[in-house]
Amino acid sequence: MHSYRTHKCNELRKSHVGQQARLSGWIHRIRDHGGVLFIDLRDTYGLTQCVVEEGSSLLAAVGQWRNESVVTVTGQVKARTPETVNARMPTGEIELEITEATLQSPAAVIPFQIAEDDGAGEDVRLRHRYLDLRREKMQRNIRLRNAVIFSLRKRMWESGFQEFQTPNLTASSPEGARDYLVPSRLHPGKFYALPQSPQQFKQLLMVAGFDRYFQVAPCFRDEDGRADRLAEHYQLDVEMSFVTEQEVHDTMTPVIKGLFEEFADWTGTKHRVEWLPKLTYKDAMLKYGSDKPDLRNPLEIVDVTAVFARDDVEFKAFKGTIQKGGVVRAIKAPKVSTQPRSFFDKLNSWAQGEGAPGLGYILFEPSSSLPPAGGGQGGVAAVEGKGPIAKFIPPAAIAELCKLAGAEPGDAVFFVCNMEGPAAKFAGLARDKICDDMGIRETGVYKFCWVVDFPMYEFDERAQKVEFSHNPFSMPQGGLETLEKTDPLKILAHQYDCVCNGFEISSGAIRNHRPDIMEKAFALAGYPKEVLERKFSGMLNAFKFGAPPHGGCAFGIDRLVMILAHEPNLREVNAFVMNGQYEDPMMNAPSEATPEQLKDLHIKVDLPRTVKKTEAA
RNA sequence: GCGGGAGUAGUUCAGUUGGUUAGAACGCCGCCCUGUCACGGCGGAGGUCGCGGGUUCAAGUCCCGUCUCUCGCGCCA
């Protein structure tokens, strides 16, 4: 007989009754009844109940065993009596009668419970991640992650892509985030950068003629953490030669759609997968106030600047902003006339908490002086405006507002007034807040779309100059001619994102493979040719020797898994992660280097004035 | 760097207006228990109330400072 196991803990069934079997695993639970003792033995595959029967000489010893110890038990598979069958367990019709028992590795008292979710905080869980990972939920999440990566690999290979590896010790890439640096021992004073993405390498592979590249690529960014952001994460990195933007979408849409369909019911609730028509960046910002809109939220935003600009509208608070070039955006909330006053008041104080002056609104009600809804006026219901700011707006303007917003009696519109950028952004926040307060966000669906036509440049308020919006290697729409003739801030790029349920899950572009266009593109952002040549000489040179037009994208694998697992943060779908401060309390990273290491690296540490207390191990 | 929330037993939490010996559940230890499957019963151990200072006759509770975790902003795909 095998020294550790003849079966796994999910395998034994009625058909095995009478056979000798050996199982190894962790003690999930132990129930000592005095004369008889039960062990629920666990491995990653499942649970099997094992029994020490009355009179057994093993009883005393096994009775001392503690939860989470690793043991090997041997004995005969027995059918349970009908009253003792456990229908909730796949192995519930049988049990293993222990006649031989070995304690392989006793467990000390565990810092939190494995068999149940005791709500232990993240610090303890991360400090003992190997224990946390034993829990069923984490086993499931990691299994999902592995399955997702396998599925993506399979789908990519089947779509004719080759899988590559690229260096992790490299030079700074143009993503715009802070790099993690690694000092070079052989080259005093010089540093490698960990890749923020394999951007340049994958483009160089296109220049090398490999045509279709993918990689499950580690990416490193030294920026502050968030629930959906990690210092190191993995991307499904993709690049293709001789393709249009549309072809990139058409290639990747079935991969991601297929993936989500494959795992749509992983959490137990069946989810629909809907791929919606692509959205321009401009429309996304206008209608949803975000470049990564959650399309499960049915609310839409409309521009109503024209209404508040009318001569007969008195509302000074908005008028002043409009005169300075600002805009008014309205969010329509259907059928809220029955909401209590507190609904509106709460939204108002929420807005103030976000730093806005408030969240003005108008409630449309059937007009008392005009015929009721549907009674004429070209199909538009006759309405009256109610609410704190309604008195500033005469009936004709109310009617126009109503028409613009497509509102019906009983609906309300909320207003945001500011300069265009901030107004769109805040309207987006309000749109989500109102949706959640109304409880009308759709559930049970993954809603995807591509957001396209991102601007090539934006105005950097702090530096007071034109800057690249995304990575500078994107091809401007219209090429050289557009760059030469158009206001930089109006130039669009062949740059796109893929969005799912309010998460940006991918970003990509058709790349600029022409040195002449690149030179011009950099010049518009104020970078002379020398800067371009110094920073990106490798790639720029490559483009001088016959570069195919190419483009691609990269999907955030951790985010895909997080969405599929319905987890609120990325740490729940990675086996080993750092905490919110990017420290690993288990491995004690980051930690100080020894004087010898620093000497080797020619580094002197110059600590800031407020020295952080080093963590006692 | 900034803002919100949190920090009390191994874990999750309660702790009234400042008032006597800081509680509960799970876990742990001991004893009992022949069929449980979140086994059950009895008993027990376990606390620098994050840390430092202050107010007070008296501080887990009030005030000031500080550290840590977490969510968000800035930053960043």
Side-chain angles (χ1 to χ4, degrees), chain A residues 28-41 47-56 59 63-64 66-68 78 80-89 91-92 95 97 107-128 131-132 175-179 196-197 199 219-231 233 235 237 291-292 353-355 425 429 451 454 462 469-471 495-499 503-509 553-556 558-559 568-569 571 579-581 583 585 608 610-616:
Chain A
H28 191 63
R29 284 204 172 88
I30 190 159
R31 292 177 293 281
D32 187 351
H33 288 243
V36 60
L37 179 149
F38 300 96
I39 290 176
D40 291 338
L41 194 68
L47 286 172
T48 303
Q49 173 165 289
C50 306
V51 199
V52 179
E53 287 285 9
E54 66 172 306
S56 168
L59 206 56
Q64 300 297 310
R66 204 181 276 137
N67 280 346
E68 294 306 316
K78 292 206 151 180
R80 297 202 203 179
T81 60
E83 323 84 72
T84 60
V85 163
N86 186 343
R88 295 192 305 278
M89 287 171 81
T91 59
E95 61 196 7
E97 185 185 335
V109 175
I110 47 179
F112 50 82
Q113 297 311 296
I114 309 298
E116 57 198 280
D117 182 6
D118 63 0
E122 235 182 13
D123 3 345
V124 208
R125 290 177 55 205
L126 291 182
R127 195 152 48 243
H128 303 278
L131 293 180
D132 188 39
E175 248 70 13
R178 211 173 287 116
D179 287 315
Q196 294 181 32
S197 76
Q199 182 66 36
C219 303
F220 305 86
R221 296 191 173 122
D222 185 7
E223 299 289 350
D224 287 3
R226 287 287 186 280
D228 64 347
R229 232 191 275 166
L230 296 171
H233 70 282
Q235 288 184 341
D237 198 36
D291 60 358
K292 44 177 181 178
E354 294 289 318
K425 196 174 170 191
L429 287 179
V451 179
F454 275 77
R462 225 174 354 170
S469 301
H470 288 78
N471 95 48
Q495 165 85 40
Y496 40 82
D497 283 0
C498 182
V499 169
F503 291 99
E504 179 205 312
I505 56 167
S506 171
S507 184
C553 58
F555 283 83
D558 310 85
R559 284 187 186 167
N569 77 61
R571 294 187 291 273
N579 66 17
Q581 266 60 243
E583 294 164 317
T610 49
V611 183
K612 254 185 154 182
K613 197 176 62 187
T614 43
E615 202 106 23

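Protein chains get the first letters and strands the later ones, always in sequence-line order, with residue 1 at the start of each.
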> Quick one: is B/C73 close enough that its OP1 or OP2 comes under 4.0 Å of any side-chain N or O from A/K425?
Replying inline: no
>> Rounded to whole Å, please give me the gap between CG in A/D32 and C1' in B/G30.
In response: 13 Å
> What interatomic distance, in whole Å, is found between P of B/A24 and the corresponding atom of B/G44?
Replying inline: 11 Å
> If you check every side-chain atom of A/Q113, which of B/G72, B/U11, B/C26 has the closest atom?
Replying inline: B/C26
> From the list B/G72, B/C28, B/U11, which nucleotide is the closest neighbour of the side chain of A/R226?
Replying inline: B/G72
> A/E223 has a side chain; which of B/U70, B/C75, B/C37 sits nearest to it?
Replying inline: B/C75
> Atom CZ of A/R229 to atom C1' of B/U70: distance rounded to whole Å?
Replying inline: 15 Å
> Picking from B/G72, B/U36, B/C28, which would you name as closest to the side chain of A/E95?
Replying inline: B/U36
> If we call it a pair only when both distances are under 3.5 Å in a Watson-Crick or G-U wobble match, what pairs with B/C39?
Replying inline: none
> Do any side-chain nitrogens or oxygens of A/R31 fall under 4.0 Å of OP1 or OP2 in B/C39?
Replying inline: yes
> Checking side chain to side chain contact (heavy atoms under 4.5 Å, CB included) for the pair A/Q196/A/E223: CA distance, chi angles, key distance, verdict?
Replying inline: CA-CA 11 Å; A/Q196 294 181 32; A/E223 299 289 350; over 6 Å; no
> Counting only side-chain N and O atoms of A/R66, is one of them less than 4.0 Å from OP1 or OP2 of B/C29?
Replying inline: yes
> Expressed in whole Å, how much space separates the C1' atoms belonging to B/C62 and B/G18?
Replying inline: 8 Å
> Under a 3.5 Å cut-off for both distances, is B/C62 Watson-Crick or wobble paired, and to whom?
Replying inline: B/G54
> Could you state the CD-C1' distance from A/E116 to B/U11, rounded to the nearest angstrom?
Replying inline: 10 Å
>> Let's see if you can work this out: which of B/G1, B/C37, B/U36 has an atom nearest to the side-chain heavy atoms of A/F38?
In response: B/U36
> What does A/G121 touch in the nucleic acid at a heavy-atom separation under 4.0 angstrom: a base, only the sugar-phosphate, or nothing?
Replying inline: sugar-phosphate
> What is the base-pairing partner of B/A77, counting Watson-Crick and G-U wobble geometry with both distances under 3.5 Å?
Replying inline: none
> With respect to the side chain of A/N579, which nucleotide from B/U70, B/C71, B/U36 is positioned closest?
Replying inline: B/U70
> Quick one: A/R221 CZ to B/C76 C1', roughly how many Å, whole number?
Replying inline: 8 Å
> Under 4.0 Å between a side-chain N/O of A/H33 and OP1 or OP2 of B/G35, yes or no?
Replying inline: yes
>> Can you work out whether A/V51 or A/F112 has the more 5'-proximal nearest nucleotide on RNA chain B?
In response: A/F112
> With rounding to whole Å, what would you report as the distance between B/A45 and B/A9 at their C1' atoms?
Replying inline: 11 Å
> With distance as the sole criterion, do the side chain of A/D224 and the base of B/G74 form a donor-acceptor contact below 3.5 Å?
Replying inline: yes
> OP1 or OP2 of B/G27 sitting under 4.0 Å from any side-chain N/O of A/R29?
Replying inline: no
> Where the side chain of A/R571 is concerned, which of B/C71, B/A77, B/C28 is the nearest nucleotide?
Replying inline: B/C71
>> Quick check for you: among B/U12, B/A77, B/G35, whose closest atom lies nearest to any side-chain atom of A/E53?
In response: B/G35
>> When the C1' atoms of B/U17 and B/U56 are compared, how many Å lie between them, rounded to an integer?
In response: 15 Å
> Given the P atoms of B/G23 and B/U16, what is the spacing between them in whole Å?
Replying inline: 14 Å
>> Using a heavy-atom cut-off of 4.0 Å across all strands, would you classify A/E83 as base, sugar-phosphate, or nothing?
In response: nothing
>> Looking at the base of B/C37, is there any donor atom on it, or on the side chain of A/R80, that sits under 3.5 Å from an acceptor on the other one?
In response: yes
> Does A/G508 or A/G580 map to a spot on RNA chain B nearer the 5' end, using the closest nucleotide for each?
Replying inline: A/G580
> When all nucleic acid strands are considered with a 4.0 Å heavy-atom cut-off, which category describes A/G35: base, sugar-phosphate, or nothing?
Replying inline: sugar-phosphate
> Do any side-chain nitrogens or oxygens of A/Q581 fall under 4.0 Å of OP1 or OP2 in B/C69?
Replying inline: yes
> P atom, B/U61 versus B/A6: distance in rounded Å?
Replying inline: 15 Å
>> Applying the Watson-Crick and G-U wobble criteria at under 3.5 Å, what pairs with B/U21? Answer none if nothing qualifies.
In response: none
> Is A/R88 near enough to B/A38 that one of its side-chain N or O atoms lies under 4.0 angstrom from OP1 or OP2?
Replying inline: yes
> Which nucleotide sits closest to the side chain of A/E583: B/C37, B/C71, B/C69?
Replying inline: B/C69
>> Which nucleotide wins on minimum distance to the side chain of A/N86, given the candidates B/G35, B/C37, B/C75?
In response: B/C37
> Side chains of A/Q49 and A/R80: does their closest heavy-atom pair fall under 4.5 Å?
Replying inline: yes
